[in-house]
Structures are given as C-alpha cells and as structure tokens.
There are 2 protein chains.
Amino acid sequence: MQEYVRGMNNQTSDGPLTLRDVAAAAGVSLATADRVVNGRPGVSAKTARKVHEAVQRLGFRPLAAAAELARARSWRFAAILPGGGNRFMMDIADNIRAQAGWFRARRIGVEIVEADVFDADTLAAQLAALPGRFDGVALVALDHPRIRAAIDDLVEGGMAVVTLVSDAPSSRRQHYVGIDNIAAGRTAGSLVGRFLGPPRNGETGGAVGIITGSGSLRDHAERRFGFGQVLAEEYPHLTCLMPAEGRDDPDRNRDLVRRMLADTPDLVAIYNTGEGSVGIGEALAEAGLVRKILCVGHELTPATRRMLLDGSFAALVAQDPGHEVRSMGRVLHALVTGQEIVAAQEHIRVQVILRDNLP
Amino acid sequence: MQEYVRGMNNQTSDGPLTLRDVAAAAGVSLATADRVVNGRPGVSAKTARKVHEAVQRLGFRPLAAAAELARARSWRFAAILPGGGNRFMMDIADNIRAQAGWFRARRIGVEIVEADVFDADTLAAQLAALPGRFDGVALVALDHPRIRAAIDDLVEGGMAVVTLVSDAPSSRRQHYVGIDNIAAGRTAGSLVGRFLGPPRNGETGGAVGIITGSGSLRDHAERRFGFGQVLAEEYPHLTCLMPAEGRDDPDRNRDLVRRMLADTPDLVAIYNTGEGSVGIGEALAEAGLVRKILCVGHELTPATRRMLLDGSFAALVAQDPGHEVRSMGRVLHALVTGQEIVAAQEHIRVQVILRDNLP
DNA sequence: GGCATTCTGATGTACGCACCTGAAATTCCG
DNA sequence: CGGAATTTCAGGTGCGTACATCAGAATGCC
C-alpha cells in the first residue's frame, strides 16, 4: 500500500472524509478512486471492487462543491416556453430570470426560447436545432408524436431533457417538472361539489360549465378528465356541459360564458381548466351573477388573485412557478453533472388557494 | 496596477468572471477583493469603494461551489424539537435525517435535540447550553419571556437562530421557518364555512367545536384566532364553542369530542388546531356521525391521510415538513456563511389538502 | 521457440478549478 | 522611527482530468 498523501493532508483519521481517504484505504491513487466513484471506465473489476468496498465501509460521499469546482465547465440550458401573453408562462419566465443568480453561481446560462407550442412542426424544428448549443432543455411539451420523436432524438444525442408544466410521458424525457394534472382536475371537481353542497329540497343539482384552453395540451385534457371523474363519481346530481375551447384567451372566454349563461338557465358553476379567467369574471359581472355562480380556476396571477379577493372566484387550483423553476434548475443541473435527483424534493404540489391562504 | 495572475489564469478577457478579474479591475490583490466582497474588516473605505465599483461594473457573483470549498470549515446545527409522540414533529425529525446527505455535502452536522417545549425553564436552560457546541439552532419556540431572552442571548453570542413551525416574533431570531398560522386558521374557517353552506330554510347555522393543543404555543393560538375571525366575519350563522384543550393527545381529544357531542345537539363541525385528530375520528365513529359532522384539521400524517380518504375529515390545512426542513437548512447555512436569503424561496405555503390532491 | 517491439489497458502524477485566510510584508501616520 | 492599519503572499479546500507511466499481452522477426 502506497502513500499518496502530502502536505498537511495526512490526517486520515479525523476531519471530514475525502476521496483521498478512500483511495488510501483501498490502496489506490486518487485518480483511480475518482474513476470508480464516478463510474468512468479504465479500471479493472478487482480494483473497482476494492474501492467500492472502501467507499461503503467509510461511508464516503463526495463533497458537491469540490466536484463542481473541479469540473470547471459551464452549462447552457434552454427553456422553451409558449409565446403569446399567457400570464402563467410569463411568470415562469420571470422566475427563470429571477433565478439568474442561482444559475450563474453554478456556471449555468439559461436562455428562454419562445415557441409556438401549438404547432408541432415548428416546435420539433426548434428542438432539432438545440444540440451543440445547449446541454439541457426544459420544454412545455405538446404531447404529439412528432414532438415525442424530437425529444427522443435529443435524449439520444446526450442532452438532458425535462418537460415543464405539461408532460409528454411516452417520450424519453428524463423528468417531468409539474403537477399531476388529473389530481388537479379532481381537486377542482371536489371543490365545486363541496362548495355547492347537496341539492336543496326539491331542486336538481344544476349544470357545471367547463372552459378549457385547448385540446392539444395534455395538462388541460387531464384536468378535464379528473374534474369529470369526480363529478360523475361523487356529485352525480351535477351535470357537466360540453367543454368549450377558449384558447386561454379572456375575450373568447367572455363570449363563451355569455353564451353559456344564455343557453343554460340552471348553470350553477364554471370551471376553467386554463388561463384567461378574467373573461369569465367579466361575463358574470355583466350579468350580475358574481358570487351567484361558483367559479373555480387555475393558477395564481394578478387577475385571478383579484377575483379571488372580490369573490368572483371561490378557489384556485395552482402550481407554484417558483418551485417549478427551481426544481427545473436542480434537476437539469443534477442530470448534466450526474448527481442524484431527490424525488421527494422535486415533487410539485397541487395547491388549493382560497382567499385566506393567498401567498 | 499590478499583475496578480499566474500560471494559465492570465485570461482576464474571456471565460467566466472570477474574483481575480474583479481584483485586477480594481487594482488590488485577490485577498483584498475577497475581503470587500465578503464584508470582512481590514480594508480602507477607499479601496472598498474601488472594489465595489468593479463588482458592479463587471457584474460579478462569486461561484458558490468555490466559496464553499474554500471556506473549508464545518458547521454544527441543532434542531430543538418537542419530544413526545407528536407525529408532525416526528416527520420533521425524519426529514432532517433524510436530508443528512444534503447537510453532509455542505459539511453540516445536524443534531436533533428533544426538548420539553412546554417548560420554559428547562427549554431556556437547554438553549443556554448550546454555545460552543453549535453554530446555529432551529427551535420550535415557546413564546415566553424567558425563551425570548434565551434566544436573544444566543444571537448576541453570534449564533444563528431560526424558529421553526412556531415563532417567537419579538425575539431577535434571524428568521422564522413556518407558515402564517393566522392565515392557516382563516383558511380552515373558510373551508368550514363554505363546506357547510348557507343555513337551510328554517334552520339555524349550528355550532362549531374547536379542539386545540395548548394555549402556550403561539401557532395554535394564532390558528384559533384566524378561524374565529373568519367565522365571525363571514359565517355569523355559525357559533364557535369554547376551545377545548386536548394537548395534541388522541385520547384526550376523543373524550373532549364525546363530551362535545353529548352537550351540543346542534354541532355541525369540528376544527382541530393541532395534532391527535385520530381521537376525533374515533369519537365520531362511535357515535355513527362520520361524514355527518364536518371535520377540518391540520397536518398530513398517516392518520389524517386515512381519515381524509375515508371521509372522516373533509380537508386538512397543512405545512410541508420537507420544505420546512430544507428551508431551515438553507437559511441556517446562509446565515453562518453570510450569504443572502432569498425570501421568496423560503416562504412556506399554507396548503389545503383534500382527498384529491393528497401528495 | 526466443526475444525485441509495439500496443493496449490500467494506474498514477500533477496541476487547475475559484475562492478563503493566517502570516508576512508594506504603507501610513503621528 | 515605531506601531497600527492596510495590503499582499502563499498555501490550503476536495475533486476532475490531461498526460505520463507501466505492466502485460500481442505481434513480428530471425
């Protein structure tokens, strides 16, 4: 067994455990120990086993900071977000900018790329243009065969790929940062059912209108599904109207609700699976039905916050863009540096926001 | 202006920005630049200004990993948690243990100290014994003059002090890791009010029972306050009964609810501000009143999860112990290393948990 | 078949990553 | 000129990695 210590570092006994200690214990050099610990090739099975044993026996864990410093390379991540004034996505973008310091401190540059998430071809082309320029991507995925293929190509090419907010589960993306949208829809359904209460004597339950953004983003579809499920199972006295597509646009949503009010005398509640809830509030205000018709929507924005406070909306089901951006950063960073992902920490909660627990 | 570069590092132009660049730009040595950046003494006002200017101009941010590595010292934190089988506190403890890796990777050792949080003298004595052994403390604070004084002494002595779950706002603790308990109580109040719905024709609203842990922990008191506030403001048809102290003990709570049921024919809901909700479920089951009486409680534990699923409890207002432990770690670490605390990241949300958004 | 030579895979050496810090050196100022 | 204030020097911090080294296998040649 040789001695590879020098200087003042020859205290294998006290102090924190370093790779040097492991190497000494295994009777190999630092470089070899490092190779084994990081699973790099060029080590015989026998010595690898010795090192592994030493790691186990001593309970060694590499110091993240030292590893990061030594790696001495920087990373470039792209965040592909839908363009068009979607407020929630703007929040995501703002949060990414706000996290610039965190990224910089880890040698990470993040570029926000606007995309037309509804056009699979364009999006696929944008994805295909990423390799070489970036080490990792987070994208709001359109769940479409062409996009899945594009994602798989990226992963194949060694890029870290993470879906954000809306998933593409059948692709090979390494991680999904976002909420369980079926659970989110179910939560909205339970809120509507419970807030409305059981049908009054002699009355029927009434009708529930559903406004949705678009059929092509998976998140909205899943929310509708979860919502419908709960209403059918638990509140059969309530009837769901056909979902109306407002493309997350307040103006369209306003029109949809106007029509809904005209067509549906027994309307008791409206659920919006996406953005543009303001339009709903406006239509209700016009009709003098604020607080008369129960509204539940998604995401906390200045507009929904206001409507929560003035009572137009009873509750919001939300995800925290800050958490999501931080999770995205941690996950991508862990992926490119080969660190472990702590699943529990990366789980994004489905939040219920009432007027009283507004952050 | 001198040259302090050596080796291959003489590229002040390209590559990422380092302290060396700042030092060169300011015309001082690395050591001096470092002192300024970290606010350590021994630098004249004039040179400090030069360095600050350079930092601003170049937009320098120290690389977290390098700083951490170089600081080369380890920290010892204590987490002072109430003993006695409180499930939520056990979760906190478990989360601390689960985060051991994270702490280790930052050279942080955490020791969990059980305390009798209800005895101010003992707790104060325990706090007084910390200096020398620890660099930072997180404690579930009893809001009591003696404890405040003990906390102030610790801070005075240079220890980082953070309150956890229950605050002592008038002390000099540097940070509180936990939820806004008034908001939590209000949220519970809104849930009860909305779930019960407006009074039916010809009926009065009914009575709401309140079970609380103890009067001496600030968190429970604040929850009661928030709860009562909302009920009085928004649901005046509901009457709150006097809070009954069950000391977070399921058995006591069971007895309290039994008595409550016997004494209060018009009981429509029960709110538990603390632990031991199982006892409530048991008492209701005995009386065959599960789902007949609306229950809202706090914290997600195996027991409350079960009761949420079987319908005994309609909703939980909760805080995420995982988030809290991670926040505690980050904050204490930031405090001892003199880093900045990102307030937005450390805000702990008041969560509403229904059966459908159970994590 | 014996021996020199090339090649290959395994292992070690030494330096760099960017910052921190105690001791040494320098400057300042009365 | 002496002591305090300020600044610089130099040596860590633990790990990654290009390059050097080395042993042994494979090859080639006589």
Side-chain angles (χ1 to χ4, degrees), chain A residues 1-12 15-24 26-48 50-51 55 60-74 104-107 337-339, chain B residues 1-12 15-24 26-48 50-51 55 60-74 104-107 337-339:
Chain A
M1 188 185 297
Q2 297 179 38
E3 262 290 324
Y4 296 110
V5 294
R6 62 168 184 213
M8 298 190 54
N9 310 331
N10 48 358
Q11 17 67 299
T12 308
L17 196 61
T18 76
L19 225 211
R20 169 175 281 107
D21 301 318
V22 172
V28 301
S29 74
L30 262 172
T32 301
D34 183 273
R35 286 194 182 86
V36 175
V37 167
N38 291 293
R40 258 174 277 116
V43 180
S44 71
K46 194 174 63 182
T47 43
K50 280 197 299 184
V51 174
V55 167
F60 169 77
R61 308 248 328 188
L63 219 202
E68 179 142 341
L69 177 59
R71 238 180 293 263
R73 71 164 280 192
S74 55
R104 287 254 312 270
R106 282 156 189 75
R107 292 197 186 88
T337 60
Q339 289 176 61
Chain B
M1 189 185 295
Q2 297 179 39
E3 265 289 325
Y4 296 109
V5 294
R6 62 167 185 216
M8 298 191 54
N9 310 332
N10 49 356
Q11 20 65 301
T12 309
L17 196 62
T18 74
L19 224 210
R20 169 174 280 108
D21 302 318
V22 173
V28 300
S29 73
L30 262 172
T32 301
D34 183 273
R35 284 194 177 69
V36 175
V37 167
N38 291 292
R40 254 173 284 116
V43 181
S44 72
K46 195 174 62 182
T47 41
K50 281 196 298 184
V51 174
V55 167
F60 168 78
R61 307 250 327 188
L63 219 202
E68 184 145 332
L69 176 59
R71 241 178 289 260
R73 70 164 279 193
S74 54
R104 286 255 311 267
R106 282 156 190 75
R107 293 197 184 85
T337 62
Q339 288 177 61

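Throughout, a chain's letter reflects where its sequence line sits, starting with A, and its residues are numbered from 1.
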Whole angstrom value for the distance that separates P of D:dC15 from CG of B:L69: 9 Å
Side chain to side chain donor-acceptor pair (under 3.5 Å) with B:S44: which residues, sequence neighbours excluded? B:T47
To the nearest angstrom, the CG-P distance between B:L63 and C:dG16 comes to 18 Å
Find the distance A:L30:CG to D:dA20:P and express it as a whole number of Å. 20 Å
Report yes if at least one side-chain N or O of B:S44 is closer than 4.0 Å to OP1 or OP2 of D:dA5; otherwise report no. no
Among A:V55, A:V28, A:L30, which residue satisfies the side-chain contact (heavy atoms from CB on, under 4.5 Å) criterion with A:V22? A:V55
Assign A:R73 to base, sugar-phosphate, or nothing according to its heavy-atom contacts below 4.0 angstrom with the strands shown. nothing
Separation of D:dA10 atom P from B:R20 atom CZ, nearest Å, is 14 Å
Considering just the side-chain nitrogens and oxygens of B:T32, establish if one lies under 4.0 Å of OP1 or OP2 belonging to D:dT7. no
In whole angstrom, what separates A:R104's CZ from C:dA18's P? 14 Å
Using a cut-off of 4.0 Å on non-hydrogen atoms, how would the nucleic acid contact of B:A67 be classed: base, sugar-phosphate, or nothing? sugar-phosphate
Minimal non-hydrogen separation, B:L19 against B:F60, with atom names: N-CE1, 3.3 Å
Between C:dC17 atom P and A:L19 atom CG, what is the distance in whole Å? 20 Å
Looking at A:T47, does any N or O in its side chain come under 4.0 Å of the phosphate oxygens OP1/OP2 on C:dA10? no
Rounded distance [0.5 Å steps], CZ in A:R71 versus CG in A:N38: 6.5 Å
So, under a plain 3.5 Å distance rule, would you say the side chain of B:R35 forms a donor-acceptor pair with the base of D:dT8? yes
Could you tell me which residues satisfy side chain to side chain contact (heavy atoms under 4.5 Å, CB included) with B:R35, sequence neighbours excluded, listed by chain and number? B:A31, B:R40, B:V43
C:dA18 OP1/OP2 closer than 4.0 Å to side-chain N/O of B:T18: no
Sequence neighbours excluded, which residues qualify as side chain to side chain contact (heavy atoms under 4.5 Å, CB included) partners of A:E68? A:R106, A:R107, A:H333, B:A65
Let's see if you get this right: which residues in residues 36-43 of chain A place a heavy atom under 4.0 Å from DNA chain C? A:G42, A:V43
Could you state the CZ-C1' distance from A:F60 to D:dG14, rounded to the nearest angstrom? 8 Å
Just jot down the side chain to side chain contact (heavy atoms under 4.5 Å, CB included) partners of B:A66, sequence neighbours excluded, or say none. A:L69, B:L63
Would you mind reading off the distance between B:E68 atom CD and D:dC15 atom C1', rounded to a whole angstrom? 14 Å
